[in-house]
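Working notes, structure below.
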Amino acid sequence: MNANQPIGIFDSGIGGLTVAKAVRELLPGEQLIYFGDTAHLPYGDKSTAAIQAYSVKIADVLLKAGCKLILIACNSASAAAFELVKEYAASRAHVFNVIDPVVEYLGVQHAGQRVGLIGTKQTINSGVYFKKVEALQAAITLHSLATPLLAPMIEEGFQRDEVSDTIIQSYLGHEAFKDIQALVLGCTHYPLIKKQIDAYFEFQVDVIDSSEIVARAMKHFLEIRGLLNDLPKGDDRFLVSDFTASFQHATALFFGKSVKLERYPLWE
Ligand code: DGL
């Protein structure tokens with residue numbers, strides 16, 4: 001592995017571009033290769049076995065592209081396939097997920113507190129946040145709720161309007177979130193509605209956007225291993241397993257600016 005190899009990032013679709021954006025801002029010297037598995041999204045209601053099969057196939061694409069690190073920018077895939085992808089990559093690349101850095105942050109910032117978690121059915125039902133938070137032994141009580149309508153709502157552009165207000169209120173009004181001190185946004189789509197969630201809690205709850213925390217943790221990880229790129233980098237690439245104009249259009253929503261998607265089927 002050497003510093004001038006690219007960083008691979010993948011998600012079920014384009015939601016992981018929120019993480020790619022944070023990485024792009026914090027690590028301007030790195031070349032990114034993003035893979036959105038748009039042919040198989042959403043991952044949130046797929047079986048663990050299916051997500052594992054997709055994830056290994058994508059890891060293979062990113063390894064063949066010479067990535068020094070693979071970041072799983074999807075909570076559902078982080079929950080279902082992190083250990084497997086790590087084993088598959090072995091010594092060829094480091095593997096990062098979007099859950100561990102957030103759990104570490106909770107241990108430092110919210111020990112002894114009541115914390116909420118929202119995410120897809122896959123992420124919540126996997127229990128992975130519970131296992132990892134319990135392992136911290138930081139007396140954190142975690143209260144979770146699957147919020148499957150949020151990702152499609154965001155993709156369809158419902159933000160800062162009546163429809164999204166009603167859905168957000170209906171989920172966050174759940175008794176699980178009574179008296180919480182922090183709320184983990186356990187899905188890479190959710191940073192787009194962070195402001196609305198902040199407002200719902202009247203700015204009294206630490207609403208945790210994993211994208212920035214993950215980008216910071218990754219920077220530190222690469223820094224201490226001498227793997228930060230110090231040479232002029234190649235252009236970023238954005239691959240998708242299926243292409244439609246609406247995916248292309250939505251990139252601006254998640255990345256802050258439109259990016260050019262390249263169609264790259266996983267099986268052909
Ligand atoms: N971006 C995915 C995640 O973070 C959610 C979308 C999906 O269900 O594929 O879990």
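Residue indices begin at 1 and follow the sequence shown. In each ligand, atom 1 is the first atom listed, and ligand 1 is the first ligand listed. Please read these numbers as outputs of a predicted model, since none were measured by experiment.
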Notebook entry, point to check: To the nearest 0.1 Å, how far is atom 6 (C) of ligand 1 from its closest protein heavy atom, and which atom is that?
Noted result: His189 CE1, 3.6 Å
Item checked: Element-labelled atoms of ligand 1 that are located less than 4.0 Å from some non-hydrogen atom of Tyr43 -> 7 (C), 8 (O), 9 (O)
Margin query: If the cut-off is 4.0 Å to any non-hydrogen atom of Pro42, which atoms of ligand 1 fall inside it?
Written below: 7 (C), 8 (O), 9 (O)
Note to self: Nearest 0.5 angstrom please: Leu142 CG to Lys131 NZ, how far?
What the structure shows: 12.5 Å
Note to self: I want to know if ligand 1 touches Gly186 in the polar sense, i.e. an N/O pair below 3.5 angstrom.
What the structure shows: no
Note to self: Suppose we call two aromatic rings close when their centres sit under 6.0 Å apart. Are His143 and Phe177 close by that rule?
What the structure shows: no
Margin query: Less than 4.0 Å is my threshold; does some heavy atom of Thr120 fall inside it relative to ligand 1?
Written below: yes
Check: Judged by modelled atom types alone, do His189 and Glu155 share a side-chain donor-acceptor pair under 3.5 Å?
Finding: yes
Check: What protein heavy atom sits nearest atom 5 (C) of ligand 1, and how far away is it?
Finding: Cys187 SG, 3.3 Å
Next item on the list: Kindly state whether the ring of Phe255 and the ring of Phe238 have centres lying under 6.0 angstrom apart.
Entry: yes
Note to self: Would you say the rings of Tyr34 and Phe10 are close, in the sense that their centroids are separated by under 6.0 Å?
What the structure shows: no
Check: Is it true that a side-chain atom of Lys68 and a backbone atom of Ala3 form a donor plus acceptor pair closer than 3.5 Å?
Finding: yes
Check: So between Ser76, Ala73, Ser78, whose heavy atom ends up nearest atom 10 (O) of ligand 1?
Finding: Ser76
Notebook entry, point to check: With backbone taken as N, CA, C and O and side chain as the heavy atoms from C-beta onward, which portion of Asp11 lies under 4.0 Å from ligand 1: side chain, backbone, both, or neither?
Noted result: side chain
Notebook entry, point to check: Nearest to atom 1 (N) of ligand 1, what protein heavy atom do you find, and at what distance?
Noted result: Thr188 OG1, 2.8 Å
Notebook entry, point to check: Among Thr123, Asn75, Asp37, which residue meets the side chain to side chain donor-acceptor pair (under 3.5 Å) test with Tyr43?
Noted result: Asp37
Checklist line | Gly13 to ligand 1, any heavy atom closer than 4.0 Å | finding: no
Notebook entry, point to check: When you measure from atom 8 (O) of ligand 1 to every protein heavy atom, which one gives the shortest distance, and what is it?
Noted result: Gly44 N, 2.8 Å
Check: Taking the six-membered ring of Phe158, is the NZ or CZ of Arg160 close enough (under 6.0 Å from the centre) and on axis enough (within 45°)?
Finding: no
Notebook entry, point to check: Which protein heavy atom lies closest to atom 2 (C) of ligand 1, and at what distance to 0.1 Å?
Noted result: Cys74 SG, 3.5 Å
Next item on the list: Mind checking whether Ser12 contacts ligand 1 via backbone (N, CA, C, O), side chain (CB onward), both or neither, at a 4.0 Å heavy-atom cut-off?
Entry: side chain
Next item on the list: Considering only NZ, NE, NH1 and NH2 on the basic side and carboxylate oxygens on the acidic side, decide whether Glu30 and Lys233 come within less than 4.0 Å.
Entry: no
